[in-house]
Q: 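The structure follows.
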Amino acid sequence: MTQRRAVAAAIGAVSFFLALSAGEPSGLLVTIAVISICVGWKTGLAAIAVGSLLSAEILPAYGTENGTVRLVAFVAAAFGLWLAVNIFRSISFLDEVYQQAGPGVAEIPGLGWSANPDGRRRFPNAAALDYVGVSAEEMREIMDADDSWWLRFVHPDDIEASMAQWRHSLETGEPMIGEQRLRRFDGTYRWFRDTGVASRDERGRIVGWYGHTEDIDDRRKAEAALRQSERELRLLVDTVPTMIWLMTPAGLPYYFNKRFVDWAGTDSAKVAPRGTRQFASHVELFHPDDRAAVKAVFQKSFARGEPLQHKGRLCRKDGEYRWIDSRFEPLRDEDGTILRWYGVNFDIDDEVRAQEALRLADERLARALRAASLSELSVSIAHELNQPLQAVVSNAGAFQRWLNADPPNFEHASRVAQKIIRNADAAAQVVSRIRALFSKTEGEPLAIDLNAVIREVCDLLGDRLASSSVKLELHLDSRLPAVAADRIQMEQVVLNLVRNAIEAMQEVATNVRRLRIVSRSQIDGTVEVEVRDRGRGLSNPELIFDAFYTTKPDGMGMGLAICRSIVEAHCGRLWAENVETEGASITFSLPIGAASSVKETKPATIGVALRG
């Protein structure tokens, strides 16, 4: 640009002196043409104005005839020359853009450009002009004014990197590939990928550069959104309070989230590539006693493509084996083909240990409560033993008298001896059941008659009923099916419910104290036993079965809780409700189930229950 201005100035000065020395202002037209061509159309207009003033001075000074006419002709010729030059410059610029700039520049999709071998950018194509909002004439003026004109459209933060990439390509001849933000005609910046390659002649010399600028703004935003989504997803997977891991369709682990890595102490940097980690390396984390079962269950699930839930002991990084609940689900495509397996591990060791501790505590508490109730039931036990023992003594005396008679009456003595045997058996059964009550082992479920259990309990509590002025009403189904249950435990349940009912009526008038016990069979294959009293009812029917809940001043709140545990252990139900006619009703049901497949037990003489 500087060279062209110098050339224009030199030619203009020579033309001016020639015109002045010859007295002919037409020589100034050469100066005007050179300035319009080399500098620009605005400077050309200024040159016309200056040339017109000089012509007005030259013509009178030399006494030229028709000076006014010649001045007008000069001005008209100057304007015509200026207009022709500008038309030629516009056509020449467009020719250079679409023809001389290089083969195919005009046809390049998107924004195209070319550059000289020294790196001076030459001509952007029409799409580039439309993007920046500059006409061809305005672009020509911008290019004439500044060799680094293209930087004015680059984002200020990207200029340094863009120039460094361009200089590197100019020095090495390597293709230039870079990303930068370009200003659009509305002032907004969008990301573009700028690619430039060198054009060489037959000797390998660079004769020009041709480039393509592709709009990648939407793609960059989509990629940024995808990366952000991936970061959020990874953050979610790593922070969710459970251990997550992924497996190939064949069941080979290849990804563990941060929670799993921190828990198991797995080195995430050494995790094998996708699909190459051996399944055995994961199975080794399980307890040696569980490995064979875990491997068999996993392989079976993977082979069938079925979801899996498994509990086993997994080794933590500190070497402790903890109980883990593992669950797996396959991810399938539209055709049902498994793409991968998703697995989650829940550490349930504390829960398992707590349940085991609770179970052991329940067992110890049940035995303790059974022992604690011995003092309260000792009177009933003594009374139950006293009857068969007194009968033995009485019958033994009669047996002796019949033998000492003259003559001895062996027939009567034989009948008395049989009574002695029956009474002794009854006493032995009482002792046997007391021993079983305090034994650590549970009785074997046998087919029992609940009606017989109810009658025996009522006989046992006969004195208590009489002393409390409670009238007993039994409505027992004579066709009640047998149920498979532990007889001692059923006696415990019935005895506890009956005693609670008796105690519930201590504060009501004696004339309304009625205890109603009903047994019945249901169409759903169960047997129900209902114990109903005429007391004041229950304040919280839903809470009476909770451990340690009691309304008695001296109660422990465990009797009904253990009764419920016994009934539920026999796959039954126990519930309570208030009766509209005053009082409360507590009912338990047991399934008939496999009662017919177990053998019948002998009637028991005594039942001992826990008191709440």
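Quick caveat: nothing in here was measured; it's all calculated off a predicted structure.
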Q: Can you list the residues that meet the salt bridge (charged side-chain N to carboxylate O under 4.0 Å, His left out) rule with Arg532, with sequence neighbours excluded?
A: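 Expected list: Glu530.
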
Q: Among residues at least two apart in sequence or on other chains, which ones pass side chain to side chain donor-acceptor pair (under 3.5 Å) with Ser229?
A: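 Ser229 satisfies side chain to side chain donor-acceptor pair (under 3.5 Å) with no other residue.
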
Q: Would a 4.5 Å heavy-atom cut-off, applied to side chains only, mark Val508 and Arg536 as touching?
A: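 Contact flag for Val508/Arg536 side chains = yes.
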
Q: Looking only at side-chain N and O atoms, does Asn451 offer a donor or acceptor that is under 3.5 Å from a partner on Ser519?
A: yes

Q: What residues, two or more places apart in sequence or in another chain, satisfy salt bridge (charged side-chain N to carboxylate O under 4.0 Å, His left out) together with Arg359?
A: Glu356, Glu363

Q: The criterion is side chain to side chain donor-acceptor pair (under 3.5 Å); which residues satisfy it with Asp218, sequence neighbours excluded?
A: Arg190

Q: Using 4.0 Å as the upper bound for N to carboxylate O, is an ion pair formed by Asp459 and Arg455?
A: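 Salt bridge between Arg455 and Asp459, a charged N being under 4.0 Å from a carboxylate O: no.
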
Q: List for me each residue that meets side chain to side chain donor-acceptor pair (under 3.5 Å) alongside Arg353, sequence neighbours excluded, and say none if there are none.
A: Asp349

Q: Taking only residues two or more places apart in sequence, or in another chain, which ones meet Asp289 in a side chain to side chain donor-acceptor pair (under 3.5 Å)?
A: none

Q: Does the distance from a Lys or Arg side-chain N to an Asp or Glu carboxylate O, for Arg322 and Asp347, drop under 4.0 Å?
A: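 Salt bridge: yes.
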
Q: Report the residues that fulfil ring pair (Phe, Tyr, Trp, His ring centres under 6.0 Å) with Trp323, sequence neighbours left out, ordered by chain and then residue number.
A: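 Here no residue qualifies.
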
Q: Please tell me whether Thr526 and Asp524 have a donor and an acceptor in their side chains that are separated by less than 3.5 angstrom.
A: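 Per modelled atom types, Thr526 and Asp524 side chains form a pair under 3.5 Å.
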
Q: May I have all residue pairs that pass ring-ring contact (aromatic ring centres under 6.0 Å, His included) and include part of residues 331-356, sequence neighbours excluded?
A: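 Passing the test, one end in residues 331-356: Phe302-Trp341.
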
Q: Does Arg259 make a cation-pi contact with Trp263, if we ask for NZ or CZ under 6.0 Å from the ring centre and within 45° of the axis?
A: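 No cation-pi geometry.
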
Q: Side chain to side chain contact (heavy atoms under 4.5 Å, CB included) with Asn578: which residues, sequence neighbours excluded?
A: Leu538, Pro541, Ala584

Q: Apply side chain to side chain contact (heavy atoms under 4.5 Å, CB included) to Lys221 and list each qualifying residue two or more places apart in sequence or on a separate chain.
A: Asp217

Q: Would you check if Thr587 and Val531 make a side-chain contact, meaning some heavy-atom pair closer than 4.5 Å?
A: no

Q: With sequence neighbours left out, which residue pairs that include part of residues 389-418 fulfil the salt bridge (charged side-chain N to carboxylate O under 4.0 Å, His left out) condition?
A: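 Sorted result for residues 389-418: Glu411-Arg415.
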
Q: Does Tyr321 have any ring pair (Phe, Tyr, Trp, His ring centres under 6.0 Å) partners at least two apart in sequence or in another chain, and if so, which?
A: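 Result, ring pair (Phe, Tyr, Trp, His ring centres under 6.0 Å) vs Tyr321: His287.
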
Q: Taking the side chain as every heavy atom from C-beta outward, state whether Arg513 and Arg534 have any atom pair closer than 4.5 Å.
A: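 In short, these two side chains do not touch, never coming nearer than 4.5 Å.
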
Q: Whether Arg313 and Asp290 form a salt bridge (side-chain N of Lys/Arg under 4.0 Å from carboxylate O of Asp/Glu) is what I want to check.
A: yes

